[in-house]
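One structure below.
Quick caveat, the model's predicted, so the values are computed rather than measured. Letters A, B, ... are given to chains in the order of the sequence lines, protein chains preceding strands, and every chain is numbered from 1.
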Amino acid sequence: MPKKLPFSISPIFTTTQRTNSKCRTTPFTTLIQNPKSSSTSTTSLNFTFLNHLKNQRIDSARAVFNKIPSPHVSLYTKMLLAYAHNNNLSEAINIFHQIPSNTKDTISWNSMIKASIICGDFVTAVKLFDEMPHRNSISWTTIIHGFLSVGRVVEAERFFHAMPYADKDVATWNAMVNGYCNNGRVDDALRLFRQMPSRDVISWTSIIAGLDRNGKSYQALIFLQNMVGFTGVEISSTTLVCGLSAAAKISDFYAGIQIHCCMFKFGYCCGFDAFVSASLVTFYACCKRMDDACRVFGETVCKNVVVWTALLTGYGLNDKHMEALEVFGEMMRFNVVPNESSFTSALNSCVGLEDLEKGRVIHAAGIKMGLENGVYVGNSLVVMYSKCGFIGDALCVFRGIGEKNVVSWNSVIVGCAQHGCGVWALTLFKQMLMEGVESDEITLTGLLSACSRSGMLQKARCFFEYFGQKISLKLTIEHYVCMVDVLGRCGEVEEAEALAMSMPVEANSMVWLVLLSACRVHSNLAVAERAAKRIFEMEPGCSAAYVLLSNLYASSRRWSEVARIRRKMKHNGVVKQPGSSWINLKGLRHEFRSADRSHPLTEKIYEKLEWLGVKLNELGYVPDQKFALHDVEIEQTEEMLSYHSERLAIAFGLLSTSEGSTLTVMKNLRVCGDCHNAIKLVAKIVDREIVVRDSSRFHHFKNGICSCGDYW
DNA sequence: TTAGGGTTAG
């Protein structure tokens, strides 16, 4: 863990403390209690009223408002809007009706429309709009923007088209352009942007931000370039922040640097603008320049939660998960309250470290803050528990999520698939359909992989057809990879090959690799050789394909072919990825290679393995030498199998953890069949659950059996 | 004295 983060922190300037300092109130009440004259009294009441509103003390504001003799219409307006922001529409309407009719002006009518929209009551908003005596462009823009803000584009368009052309000002056009972008209608936004009679800085910023949000970051940067180069419209910090966001998304370092220079030039980089700082931190992080990101962070005076989260996320993006979690801890120490985004990023870093213990600590902090059942934190917790090997906890968190979205359902379905709980995955999908949540391409990937890992071929065929034809989901190459995988694993190797050959897009090396893997399971050398040939044409350095083919030859004891593959690997400079397994204990990762003797507890680990070997023999275990994969003497292969990396990690785990606790081991390659047999028995001997996550899935070993049912 | 349009982290 890093002892010191590479940036300086000025705690006096954190947002929380700045806000608190503002809250120190002046004793205004003394002014009311001792008035010298009627006019002084009214002035004091007005002042106190405004002060209460400013500090969001709505009841106190109302009490003072009631004492003001003949309040000015502007005070009525402020009062009703305050009620709207408190989601109290009936009281806002009450105040509106109290405005004397001779002073009720267009501004108060517009404010009441706005108040209805804030409270989500569009019927009242439209009724007021119809009833008001004089509409101006602000009345129209308010209602158009209101509809767009809740995705009701058709109604917004109806008002926009009904609005007299002469009344449409630049703000109205801007509202439409921005609304189209926010609702994924970027082509309509571009059409209006070209049609509008004049464009100001907000028009340009809207289209730049909109293009960026809709996956057109490169075009956004072109628009920014045109704005600066050809329009003469004065640029704002918001425009530059949007441009920087686009540069960050496509990691365009050159464009981002130019924008940073502009920010300097216009004086936006003095450290007081959190938007500028957060966008700079993110930009440098996306360009893999964490030193620069840290420098910007250190120079930021106004460090709010977004700036902190930008740094935390940036470290995560760069696989510096320990540093990310250190930032999370630091922000808490500086009284910056983490929000859902901070938790999401911190939990992602726990996944990156595969560190369940840290994940549980962050989960506890989330519970304290009441964020556990929110959809963002809940989804991240589901992923964290699932990827750290605890699918039961993932399901528990999932059930608690208040309003589940498609990501929640996908996360839990994919989690069940990875843990081999295929039936659960399918049951959850049924519930998802019943709750009316629309599935997407990730749902199908999750379902197909659940079927693949549980041998449910017919179900997979149904899903593939249902998603492809009935709900017209565009099938991606990922889906074909899954379908070839499930066909192959279920023994339909020829059909899998036929599907790979007949795909609407050309199969990539991943498709052929899963087919080759299935050939390894079902010992189909003919298809394997054809699949391997395809892979070597596309990816000559694919070590996994060489290893799979070599293993296939080895399991058939065709040692001359094994030697040929090895020579070919050597000739092409392909290096086999060494197998390694690791276990995380108290924040430390203990990693082992096959026959490793570098760990400080090596002697004890090998003693434990010998003891386990004796117990295994007593239970009738005989090493399966087809997994030795080397042309060596039988005695030697037995020894090599006994010291595979996962066995060393398990032996170490047994020595270092309390009896009865679940042991979780990670492996970079697939666990071999012989180790799989041995670990089933080891779990029985030591009477513990052993979870092994290999490159394919999670295996839960308990009482002599594995959750995968020997099917993986 | 009160009303409308653009922004950062995930």
Side-chain angles (χ1 to χ4, degrees), chain A residues 43 46-47 49-50 53 71-82 99 103-115 117 132 135-146 148-149 167-179 181-182 196 199-210 212-213 235-246 248 268 273-283 285-286 293 300 302 304-314 316-317 327 331 338-348 375-377 379-380 407:
Chain A
T43 309
N46 286 354
F47 195 49
F49 168 70
L50 294 174
L53 279 189
H72 187 271
V73 61
S74 65
L75 302 188
Y76 281 100
T77 309
K78 278 180 178 288
M79 191 72 242
L80 75 86
L81 280 170
I99 303 174
T103 61
K104 200 180 269 184
D105 58 6
T106 304
I107 297 178
S108 44
W109 278 93
N110 286 345
S111 301
M112 193 58 235
I113 292 170
K114 179 75 175 177
I117 290 167
M132 67 190 296
R135 289 177 208 120
N136 62 12
S137 66
I138 297 178
S139 323
W140 287 95
T141 307
T142 302
I143 206 145
I144 287 168
H145 178 257
L148 288 165
S149 68
D167 287 355
K168 288 176 187 166
D169 61 13
V170 67
T172 321
W173 289 91
N174 289 346
M176 282 302 294
V177 168
N178 189 49
C181 290
N182 285 343
M196 60 197 292
R199 299 172 199 98
D200 64 6
V201 61
I202 298 181
S203 324
W204 282 97
T205 308
S206 297
I207 200 71
I208 290 165
D212 180 39
R213 270 198 302 273
I235 208 156
S236 70
S237 68
T238 309
T239 322
L240 292 171
V241 163
C242 295
L244 202 55
S245 163
Y268 301 137
D273 188 327
F275 286 89
V276 168
S277 294
S279 63
L280 280 166
V281 169
T282 302
F283 162 69
C286 285
T300 302
C302 184
N304 68 6
V305 63
V306 181
V307 182
W308 277 95
T309 307
L311 186 69
L312 153 60
T313 311
L317 277 174
V327 170
M331 71 189 284
N339 62 16
E340 289 182 325
S341 299
S342 329
F343 273 94
T344 300
S345 294
L347 287 166
N348 282 345
V375 69
Y376 292 104
V377 178
N379 292 351
S380 304
V407 180

Among B:dT8, B:dA9, B:dG10, the one nearest any side-chain atom of A:Thr282 is B:dA9
Notebook entry, point to check: Which part of the nucleic acid, if any, lies within reach of A:Ser137 when heavy atoms closer than 4.0 Å are counted: base, sugar-phosphate only, or nothing?
Noted result: base
Taken to the nearest whole Å, CD1/A:Ile202 to C1'/B:dG6 is 5 Å
Separation of B:dA3 atom C1' from A:Asp105 atom CG, nearest Å, is 9 Å
- Query: Reckon A:Ser139 touches a base, only the sugar-phosphate, or nothing at all at heavy-atom distances under 4.0 Å?
  - Reply: nothing
Regarding the side chain of A:Lys114, the nearest nucleotide among B:dG6, B:dG10, B:dG4 is B:dG4
Here the distance between atom C1' of B:dA9 and atom CZ of A:Phe343, to the nearest Å, is 15 Å
Exercise for the section: For A:Thr172, report the nucleic acid contact type (base, sugar-phosphate, nothing); a contact means any heavy atom under 4.0 Å. Expected result: base
Considering only heavy side-chain atoms of A:Thr309, the closest of B:dA9, B:dT8, B:dT7 is B:dA9
- Query: Would you say the side chain of A:Thr238 and the base of B:dT7 hold a donor-acceptor pair, judged only by whether the two atoms sit under 3.5 Å apart?
  - Reply: yes
Hits for side-chain contact (heavy atoms from CB on, under 4.5 Å) against A:Ala175, two or more places apart or cross-chain, chain-then-number order -> A:Thr141, A:His145
From the candidates B:dG10, B:dT7, B:dA3, the one with an atom nearest any side-chain atom of A:Ile107 is B:dA3
Practice task
State whether A:Asn110 places a side-chain N or O below 4.0 Å from either non-bridging phosphate oxygen (OP1 or OP2) of B:dG4.
Solution key: no
>> Tell me whether A:Asp169 contacts the main-chain N or O of A:Thr172 through its side chain, where contact means a donor paired with an acceptor under 3.5 Å.
In response: yes
Residues in residues 71-78 of chain A with a heavy atom under 4.0 Å of DNA chain B, by number, are A:His72, A:Ser74, A:Thr77, A:Lys78
Sugar-phosphate, base or nothing in reach of A:Asp169, heavy atoms under 4.0 Å: base
A:Leu53 CG to B:dT1 P, in whole Å, measures 17 Å
### Query
Is a donor on one side and an acceptor on the other found under 3.5 Å between the side chain of A:Ser345 and the backbone of A:Ser342?
no
In whole angstroms, the gap separating P of B:dG4 from CD1 of A:Ile113 amounts to 12 Å
Does either side chain, that of A:Ser139 or that of A:Asn136, offer a donor lying less than 3.5 Å from an acceptor on the other one?
yes
| task | Assess whether one donor atom and one acceptor atom, taken from the side chain of A:Ser206 and the base of B:dG6, lie less than 3.5 Å apart. | result | no
Here the distance between atom C1' of B:dA3 and atom CZ of A:Arg135, to the nearest Å, is 16 Å
Is there a donor-acceptor contact under 3.5 Å linking the side chains of A:Ser137 and A:Asp167?
no
Residues A:Ala278 and A:Val306: closest non-hydrogen pair is CB-CG1, 4.0 Å
Against the side chain of A:Ser341, the closest entry in B:dG6, B:dA3, B:dG10 is B:dG10
Quick note, A:Ile138 side chain, CB onward, closest among B:dG10, B:dA3, B:dG6 is B:dA3
Side-chain donor-acceptor distances from residues 237-244 of chain A under 3.5 Å, at least two apart:
{"unit_1": "A:Thr239", "atom_1": "OG1", "unit_2": "A:Thr205", "atom_2": "OG1", "d": "2.9"}
{"unit_1": "A:Thr239", "atom_1": "OG1", "unit_2": "A:Ser236", "atom_2": "N", "d": "3.3"}
{"unit_1": "A:Thr239", "atom_1": "OG1", "unit_2": "A:Ser236", "atom_2": "OG", "d": "2.8"}

Nearest heavy-atom contact between A:Ile99 and A:Ser108 is CD1-CB, 3.9 Å
| said: When you measure only distances, ignoring hydrogens and angles, does the side chain of A:Thr205 come within 3.5 Å of the base of B:dG6 through a donor and an acceptor? | reply: yes
Which is true for A:Asn46 with a 4.0 Å heavy-atom rule: it touches a base, it touches only sugar-phosphate, or it touches nothing? nothing
Does A:Val276 reach a base, just sugar-phosphate, or nothing at all? Heavy atoms under 4.0 Å. nothing
Atom CG of A:Leu244 and atom C1' of B:dG6 are separated, to the nearest Å, by 16 Å
Rounded to whole Å, the CG-C1' distance (A:Leu240 to B:dT8) equals 13 Å
The nucleotide from B:dG4, B:dG6, B:dT8 with an atom nearest the side chain of A:Ala171 is B:dG4
**Message:** Has A:Asp212 got a side-chain atom pairing as donor or acceptor with A:Ile208's backbone, closer than 3.5 angstrom?
**Reply:** no
What contact category does A:Val201 fall into here, base, sugar-phosphate, or nothing, at under 4.0 angstrom with non-hydrogen atoms? base
Heavy atoms only, 4.0 Å cut-off, all strands: where does A:Arg213 land among base, sugar-phosphate and nothing?
sugar-phosphate
Quiz item: What does A:Ser236 touch in the nucleic acid at a heavy-atom separation under 4.0 angstrom: a base, only the sugar-phosphate, or nothing?
Solution: base
